[in-house]
Number of protein chains: 2
Amino acid sequence: MASDMTLYWGSGSGPCWRAMICLEEKGLSGYTSKLVSFDNKEHKSDEVLKINPRGQMPTFKHGNVVVNESLAICLYLENTFKNQGTKLIPDDPAQQALVLQRAVESQNIREKAAFGMLSYFFRTKPEDRTEALLEEKKKACHEELQIWEGYLAKGGPYIAGKDFTLADACAFPFLGTLVRFGFNISQYPHLAKYHDLVKDRPSVQASQPPHWKDTPAKDLLKDI
Amino acid sequence: MASDMTLYWGSGSGPCWRAMICLEEKGLSGYTSKLVSFDNKEHKSDEVLKINPRGQMPTFKHGNVVVNESLAICLYLENTFKNQGTKLIPDDPAQQALVLQRAVESQNIREKAAFGMLSYFFRTKPEDRTEALLEEKKKACHEELQIWEGYLAKGGPYIAGKDFTLADACAFPFLGTLVRFGFNISQYPHLAKYHDLVKDRPSVQASQPPHWKDTPAKDLLKDI
């Protein structure tokens, strides 16, 4: 089944990691994996642009079906392989509502915390950084994480309750990225416990950015 | 059925309009409508914050089930009322993939075109605006609209092909907002045709921002 699937992805991209966790959770680990080099601009190659005019990763093909956008890929996989592997969207209406909301909402962790902070360090030269803007970004990051700390305090251990769902596949990659770059997650006890619970999950281990194994992390976020 | 539903919403908000179109399309127009005043900060009231800690609109309640995030509300409505009203997510895998992708992707129209442009006019005082930043924003807006023009040129008349779907409910509000503020959509013939096709649809007419009927639009985007 997975033999007619191809995922184009970039190592270290949170959105790609989301799709890869879902593929693993749905028992589809035999897909063709096309690792694309951001440094070499392979995500803007003709091969990619033909199926993804934005040249963004991830891009997914299942037979002749193309799906771009990480959340759309995850929803597609769950709908298409509903009775296979981990049930990522529960049937119970209240549970389902929570899972869908948190899956969409997790984009905020990317924008305000993980990518929000990291892009400032990656894209702004040290001499152009200002204390005021850094403080503003730190504040947004902590406000965001506080919301998720509150969610987990009210009803964990997973993002939407007692089971691993689509919400975890969508949220964890951004939390994992924060920790990789030295963010001290023990500032948030429930998030720390959550990170510990999920980081060694087989789907997460099988799909975590491969270069993380060989290269030391930069501690860019250690003082955040 | 709709009698146990409440939607908290703000007039003129594209995300709210998305949810309202879906409610109409699913035949749920009898829901309790709670119009919230952004000017009076009612979206940050205790009543709202209790069910939506971000204090963002829309917020939806169905019995005791709470769903925030416009896309999550739309997905929830379609999943819960699958066999009622307009089928917003098709069963055919290729069609479904396209609808899901475009629904998620339409957030770009908000960020790069509608809200992207309007927030600059609303939030930056005329004396603080710069020609360079305005040009940058205009460029991003046109690049984004060009992508959608291309999609419609390849396969319209709706956003994901021959039928009105979730992708239209998600994308149209941002295009409608651009036109409301004077954007000359005839620069993009396929988008103009699409706007004409959808603007008078009953679900769109029933849910368009009510103050649009009584107050003239500001032509903020006429030169974009």
Side-chain angles (χ1 to χ4, degrees), chain A residues 4 15 18 49 51-56 58-82 89-108 111-112 143-144 146-151 154 160 166-167 170, chain B residues 4 15 18 49 51-56 58-82 89-108 111-112 143-144 146-151 154 160 166-167 170:
Chain A
D4 61 348
R18 284 173 155 189
L49 289 175
I51 57 171
N52 184 333
R54 295 181 189 272
Q56 285 175 344
T59 279
F60 180 65
K61 270 192 86 172
H62 177 203
N64 291 321
V65 174
V66 172
V67 203
N68 300 316
E69 302 289 335
S70 62
L71 178 59
I73 296 171
C74 298
L75 289 167
Y76 173 80
L77 289 172
E78 176 59 16
N79 288 352
T80 309
F81 301 97
K82 204 176 269 307
I89 301 180
D91 291 327
D92 173 75
Q95 272 299 306
Q96 180 174 138
L98 193 63
V99 166
L100 292 172
Q101 177 190 313
R102 298 267 160 95
V104 174
E105 198 181 354
S106 67
Q107 186 67 9
N108 287 294
E111 285 165 19
K112 295 179 188 161
E143 279 174 0
E144 183 58 33
Q146 195 57 59
I147 290 175
W148 296 86
E149 178 74 1
Y151 289 160
K154 265 196 208 161
L166 176 72
C170 286
Chain B
D4 61 348
R18 284 173 154 189
L49 289 176
I51 57 172
N52 185 334
R54 295 182 189 272
Q56 285 174 344
T59 279
F60 179 65
K61 270 192 86 174
H62 177 203
N64 291 320
V65 174
V66 173
V67 204
N68 300 316
E69 302 290 334
S70 62
L71 179 59
I73 296 171
C74 297
L75 289 167
Y76 173 81
L77 289 172
E78 176 58 16
N79 289 351
T80 309
F81 301 97
K82 205 177 270 303
I89 302 180
D91 292 326
D92 173 75
Q95 273 298 306
Q96 179 173 138
L98 194 63
V99 166
L100 292 172
Q101 176 190 313
R102 299 265 162 94
V104 174
E105 198 181 354
S106 66
Q107 187 66 10
N108 287 294
E111 285 166 18
K112 295 177 188 163
E143 279 174 2
E144 183 58 33
Q146 195 57 59
I147 290 176
W148 296 87
E149 178 74 0
Y151 289 160
K154 265 196 207 159
L166 176 72
C170 287

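Treat the numbers as computed from the prediction; the structure is a model and nothing was measured. Because only heavy atoms are used, hydrogens play no part in the values below, and waters and symmetry mates are left out as well, while side chains stay in. Per chain, numbering begins at 1; letters A, B, ... match sequence-line order.
Contacts with chain A were tallied for B:Glu105, B:Gln107, B:Gln96; B:Glu105 has the most, counting heavy-atom pairs under 4.5 Å. Comparing A:Ile147, A:Leu98, A:Thr80 by heavy-atom pairs within less than 4.5 Å of chain B, the highest count is held by A:Ile147. Per-residue heavy-atom pair counts under 4.5 Å with chain A were compared for B:Val65, B:Asp91, B:Asn64, and the maximum is reached by B:Val65. Residue with the most contacts toward chain A among B:Val66, B:Asn79, B:Ile73: B:Asn79 (heavy-atom pairs, distance under 4.5 Å).
Only the side chain of B:Arg54 comes within contact range of chain A, judged by heavy atoms closer than 4.5 Å. Only the side chain of A:Tyr151 comes within contact range of chain B, with at least one heavy atom under 4.5 Å from a heavy atom of that chain. Interface residue B:Pro93: backbone and side-chain heavy atoms are both found under 4.5 Å from chain A. At a 4.5 Å heavy-atom cutoff, A:Gln146 makes no contact with chain B through either its backbone or its side chain. Residue B:Asn108 touches chain A through its side chain alone, counting heavy-atom pairs closer than 4.5 Å.
Other residues, nucleotides and ligands contribute over 12 non-hydrogen atoms within 6.0 Å of the CG atom of B:Asp92.
A donor-acceptor contact shorter than 3.5 Å links the side chain of A:Gln101 to the backbone of B:Asn68.
Side-chain contact check for A:Glu78 versus A:Leu166: every heavy-atom pair is 4.5 Å or farther apart. Using a 4.5 Å cut-off on side-chain heavy atoms (C-beta onward), B:Leu75 and B:Ile89 make contact.
When all heavy atoms of A:Pro90 and A:Gln95 are compared, the closest pair comes out as CG-CB, 3.6 Å. The minimum heavy-atom distance between A:Ser70 and A:Pro15, with the atom names listed, is CB-O, 3.3 Å. Taking all atoms of both residues into account, the shortest heavy-atom contact from B:Arg102 to B:Ala167 is CB-CB, 3.8 Å.
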